[in-house]
There are 2 protein chains.
Amino acid sequence: MFNAFLLRLMHASELGDQEIQAVEELCRQPRDVGAKKYLSRDGDEMHSFPIILSGWAARYQILRNGARQITRLLLPGDAFYFDCSPDGIAIEEVITLSPCKIVNIAHADMRRLIDRFPAIGEAMRSYGGMENAVLASWVVNVGRRDALERMAHLICETHYRLSLVDAHQSQQIFFPLTQDDLADVLGLTPVHINRKLQQLRQEGLISLRSKQLTIHDLRTLQQIAGFDPSYLAPRVQTVRERERLRVIAA
Amino acid sequence: MFNAFLLRLMHASELGDQEIQAVEELCRQPRDVGAKKYLSRDGDEMHSFPIILSGWAARYQILRNGARQITRLLLPGDAFYFDCSPDGIAIEEVITLSPCKIVNIAHADMRRLIDRFPAIGEAMRSYGGMENAVLASWVVNVGRRDALERMAHLICETHYRLSLVDAHQSQQIFFPLTQDDLADVLGLTPVHINRKLQQLRQEGLISLRSKQLTIHDLRTLQQIAGFDPSYLAPRVQTVRERERLRVIAA
DNA sequence: CGCAAAAACAAACCTTTGTTATTGCCAGAA
DNA sequence: TTCTGGCAATAACAAAGGTTTGTTTTTGCG
């Protein structure tokens, strides 16, 4: 089984054997964490940053009125808090949505590694850029799409992100979000999520039961969402290449 | 007059004299750009990335139906596309909102600089982390706050960000956003922006005329928005320090 | 100065989404 | 087995914000 985090970095930047080995060294001995466990609470001091080698987690904020907004979905291979000032404090919480394999990397270790291998620093910066792009796409999603479009977009995006770290990714996805979670990702209420989920089902586009999501018609979902994967694609270099992506996405 | 970009980096990470000089070297000979000029169009190839030394710009996406969502407000000292893969292509557009001073930095130059001064790489990564934090706060803003709260939050955030690069920042701000622009930042319609702007004025919290924004009651705005500046604060290291920030923000 | 274009303001009416409440189902604990 | 709690489904009603349209101010410019 492949190291999902390493895969991410390799998408982000060209790495040599030495660098690959050094990164794998860092990920020895992950620990297992159950579902619904906090990986970080507000105010925690972060001397190290976590990497999710497998499983799903969510990073979110809680407002005074108790409302929750999930700001990132953390999928296999994702790291978080790597770009905080070392020794800063956490200002968002992170909770696992499924059992996870996690490894923690001390900021100091990563810094040493980057001093030795600048390409890894480049890869981390580039990985950060991708996280950035996903966040921007969420702003667009919540700001300018209606409920159905938002759901369709989230499904397309998640499916695509998973396919980047799992070559065998099928149309059948492990999808541990409850309707409450979905609501907090998309800036809607659980009731409305339910309504629109029904609609997607009735139109034959997806099935979703007991954390198993099946995509029956990705093409139409992309159509509804106006999904364009280029913001997620590692190193898209030309307009032509992007056109190709748009076409073969389905 | 101080180099706003350098200031940002110095907030993000400790820089020595050599590093400071090297960054200033990069920013020689900025060019002047008028308002409403494109700094990047969809599909542009980015061999270099721009830094805004003065003035405002907006980075946005356009959906198929013509709707626009601004994903970042670029203020003095901000850089963009620095975290793309070098030689990647732009997938969002950037337009100036006021006359700007801009300098372009070749990715290759920056890379060389970072190889020589790892602290600058660290600073760029950390700066990227702050952009990330702002994006997440926008997701929360658009996802979970109502119109009035969103406006209040944007005002607080912008005021705070400006104060980081201008020590003399007063309650009187140059604020070049039109109501249409505000709508596209906050995920609302211009009409509704107008309604809520009226409300803020009537309650005596702000004045806004001909691009001059005056904040009469920051305290109450922060109250309405639930604004907590710690996500913007350079290197907040302890919970105690954050408490202090929350209190003195006004 | 005077004009055209852009921006701001206003009101009526409509749509999407939120609120509240109730019910049923299923998996895991006792 | 029965109980419990989390999750999903559904309905009736309320509210926030969108749409459309038109008027009035500002602003920039010849």
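Below, read A as the first sequence line, B as the second, and so on, with proteins coming before strands; counting in each chain starts at 1. Computed from a predicted structure; not experimentally measured.
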Rounded to whole Å, CZ of A:Arg145 lies from P of C:dT16 at a distance of 18 Å
Starting from the first five and the last five pairs of the helix from C:dC1-D:dG30 to C:dA30-D:dT1, work out the angle between the resulting helix axes, to 10 degrees. 50°
Whole-Å gap separating P (D:dG18) and CD (B:Gln179): 14 Å
Rounded to whole Å, please give me the gap between CG in A:Leu208 and C1' in D:dA8. 11 Å
Short side-chain donor-acceptor distance under 3.5 Å, B:Arg31 and B:Asn104: yes
With a 4.0 Å heavy-atom cut-off, tell me which residues in residues 183-205 of chain B come close to DNA chain C, sorted by residue number. B:Val191, B:Asn194, B:Arg195, B:Gln198, B:Arg201
If you measure only the distance, is there a donor-acceptor pair under 3.5 Å linking the side chains of B:Arg195 and B:His192? yes
For DNA chain D, whose closest nucleotide is more 5', that of A:Thr178 or that of B:Ser210? A:Thr178
Given atom CG of A:Leu182 and atom P of C:dT17, what is their separation to the nearest angstrom? 15 Å
Donor on one side chain, acceptor on other, B:Asn3 and B:Arg8, under 3.5 Å: no
Can you check the A:Asn65 CG to C:dT19 C1' distance for me, whole Å? 14 Å
Is the closest side-chain donor-acceptor distance between B:Arg145 and A:Asn65 under 3.5 Å? no
What is the distance, rounded to the nearest whole Å, between atom NZ of B:Lys211 and atom C1' of D:dG28? 10 Å
How about A:Asp180 and A:Thr178: does a side-chain donor come under 3.5 Å of a side-chain acceptor? no
In whole angstroms, the gap separating C1' of C:dA7 from CG of B:Leu97 amounts to 15 Å
Flag for A:Asp78-A:Tyr127: side-chain donor and acceptor within less than 3.5 Å: yes
Take atom CZ of A:Arg144 and atom C1' of C:dT17, then tell me their distance rounded to the nearest Å. 16 Å
Just checking, is any N or O donor in the side chain of B:Glu92 or B:Gln61 under 3.5 Å from an acceptor N or O on the other one? yes
Judged by modelled atom types alone, do B:His159 and B:Gln171 share a side-chain donor-acceptor pair under 3.5 Å? yes
Are A:Tyr231 and A:Glu157 close enough that a side-chain donor and a side-chain acceptor fall under 3.5 Å? yes
